[in-house]
Protein chains: 2
Amino acid sequence: MLRAAAALLARKSTATMDEVARAAGIGRATLHRHFAGREALVKALEAFGLEEFEAAVDRAAIESGPAGDALRRLIAEMEPAAELLAFLVTENQLFEGDQVDEGWARLDARVSALFRRGQEQGDFRIDLSPIWLTEALYGLIGTCAWTVMDGRVAKNEFQYMITELLLGGARRSVEK
Amino acid sequence: MLRAAAALLARKSTATMDEVARAAGIGRATLHRHFAGREALVKALEAFGLEEFEAAVDRAAIESGPAGDALRRLIAEMEPAAELLAFLVTENQLFEGDQVDEGWARLDARVSALFRRGQEQGDFRIDLSPIWLTEALYGLIGTCAWTVMDGRVAKNEFQYMITELLLGGARRSVEK
DNA sequence: ACCGAATGAGACGTCAACGTCTCATTCGGT
DNA sequence: ACCGAATGAGACGTTGACGTCTCATTCGGT
């Protein structure tokens, strides 16, 4: 049910509760029985998303191995939840910047740590801050998810496009 | 007036007409005298944004010189309109993918052409499609604008963070 | 086959934002 | 100083989504 809601809201973040219910194949009443209002639904989606993302980070085991490889694994593991991430990132953007959710802070910390580790081990450049790299990762995943939804990028290119752009950039390097 | 509306809506895309009016320092009535409804306001903002972006592309003269330098100039010229871009990109995302505005198609074509030119001249790698690079550019600009608004990245790092990440990627290259 | 729980469909009241309208005030040109 | 146009403030009705409620139906366990 959460997955159905996520799939719809990722495409149309302003979707009605009625539309969400129909998309999930249930009645509005039932939807309200599970989530007391739209706010509760979004909160549940956020919690659900955080679980997914943490699980993806765990599966990718980003704390081990070369940072570059760890990042590749992370992107691969995050792909199934990319649309949800796109939704939650823009949704979070609406919040008055006052208090950031503790769950997000923890997730951000883990991902940032990956980039910092890469810098310390000499794999990543040090002139781009880990925080920015983390945000850029989220942004690229969201952007790519949207672009795939629009059909402008093939779904099976998802991982490659993000990984290569984020790691190697657009410039054609000499070593290649 | 459009700039004031853009500045507010970029931060809070769900802002009320009332809030927009107050942010622009005018009354609701006056706002409605200029734009017949929220839809018209967004359309006007879109037209305004397109003008700004086209102007930025013109100033950057992306058709001349090495593609990498052209991209740097483009990012620099787009910085003032970055928040507006972030708003319009997410707003466009809400549209049922049916018809893409003709103005956006033209802008996309120009930017894509820059990346394609870079590929043909051997400056950019050819395994990342121009369309994806274009979308990634938009996405990174929007993401960076948000991150700057949140205070997680310093405003004066805007150009550098985007340019370096997009061109060179996160990996520390041997040649450096 | 039975029975309680859960569901779907729909009716209903509430509320916030919208868009229109009026009217007093202010602004700018002559 | 005059006058018309534009503005700000606010009242008003409309609309769409929300959240609650009821009731007939269906589902699932025993």
Side-chain angles (χ1 to χ4, degrees), chain A residues 1-51 83-84 86-99 101 146 149, chain B residues 1-51 83-84 86-99 101 146 149:
Chain A
M1 180 186 309
L2 276 174
R3 290 194 183 273
L8 174 62
L9 285 173
R11 288 166 197 269
K12 190 180 175 187
S13 59
T14 61
T16 292
M17 291 293 277
D18 194 301
E19 295 175 288
V20 173
R22 289 186 191 281
I26 62 176
R28 297 177 297 263
T30 307
L31 182 61
H32 273 86
R33 280 184 194 105
H34 288 291
F35 309 103
R38 186 194 193 76
E39 193 179 346
L41 173 60
V42 173
K43 253 180 109 174
L45 274 176
E46 195 174 327
F48 175 66
L50 273 171
E51 280 179 34
E83 299 187 3
L84 183 54
F87 167 68
L88 291 177
V89 165
T90 59
E91 195 72 11
N92 259 9
Q93 187 55 27
L94 293 179
F95 280 9
E96 305 290 334
D98 29 18
Q99 97 243 354
D101 187 73
W146 281 350
M149 282 193 257
Chain B
M1 181 185 310
L2 276 173
R3 290 194 183 275
L8 175 63
L9 285 173
R11 288 167 197 269
K12 190 180 175 186
S13 58
T14 60
T16 293
M17 291 294 275
D18 195 302
E19 295 175 289
V20 173
R22 288 186 191 281
I26 62 177
R28 295 179 299 262
T30 306
L31 182 60
H32 273 85
R33 282 185 194 105
H34 287 291
F35 309 103
R38 185 195 193 77
E39 194 178 345
L41 173 61
V42 172
K43 252 180 112 174
L45 275 175
E46 195 173 325
F48 175 67
L50 274 171
E51 279 179 34
E83 298 187 3
L84 183 54
F87 167 67
L88 291 178
V89 165
T90 59
E91 195 72 10
N92 258 10
Q93 186 56 26
L94 292 179
F95 281 9
E96 305 289 335
D98 29 18
Q99 97 244 355
D101 187 73
W146 281 349
M149 283 193 258

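Letters A, B, ... are given to chains in the order of the sequence lines, protein chains preceding strands, and every chain is numbered from 1.
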Novice: In whole Å, what is the span from the CG atom of B:D18 to the C1' atom of C:dG19?
Specialist: 13 Å

Novice: Could you tell me the separation between the NE2 atom of B:H32 and the C1' atom of D:dG13, rounded to a whole number of Å?
Specialist: 14 Å

Novice: Whole angstroms only, please: what is the CG-P distance between A:L31 and C:dA9?
Specialist: 13 Å

Novice: From CE of A:M17 over to C1' of D:dG19, roughly how many Å is that when rounded to an integer?
Specialist: 9 Å

Novice: Say you draw a straight line from NZ of A:K12 to CG of B:L94; how long is it, rounded to the nearest 0.5 Å?
Specialist: 8.5 Å

Novice: Report the distance from atom CZ of B:F35 to atom OG1 of B:T30, rounding to the nearest 0.5 Å.
Specialist: 11.5 Å

Novice: Just name whichever nucleotide pairs with C:dC3, Watson-Crick or G-U, keeping both distances under 3.5 Å, else none.
Specialist: D:dG28

Novice: Looking at the base of D:dG8, is there any donor atom on it, or on the side chain of B:R22, that sits under 3.5 Å from an acceptor on the other one?
Specialist: no

Novice: Who does C:dT22 pair with, Watson-Crick or G-U, both distances under 3.5 Å?
Specialist: D:dA9

Novice: Using whole Å, report how far CD of A:E19 lies from C1' of D:dA17.
Specialist: 11 Å

Novice: Name the closest nucleotide to the A:R33 side chain, picking from C:dG8, D:dA9, C:dG19.
Specialist: C:dG8

Novice: Does C:dA16 have a Watson-Crick or wobble partner in any strand here, with both distances under 3.5 angstrom, and which is it?
Specialist: D:dT15

Novice: Report the residues that fulfil side chain to side chain donor-acceptor pair (under 3.5 Å) with B:R38, sequence neighbours left out, ordered by chain and then residue number.
Specialist: none

Novice: Closest approach of B:E83 and B:A10, non-hydrogen atoms and distance?
Specialist: O-CB, 3.4 Å

Novice: Choosing from C:dG8, C:dC18, D:dG19, which nucleotide comes nearest the side chain of A:R38?
Specialist: D:dG19

Novice: Ignoring hydrogens and geometry beyond distance, is the side chain of B:R28 in donor-acceptor contact with the base of D:dG8 at under 3.5 Å?
Specialist: no

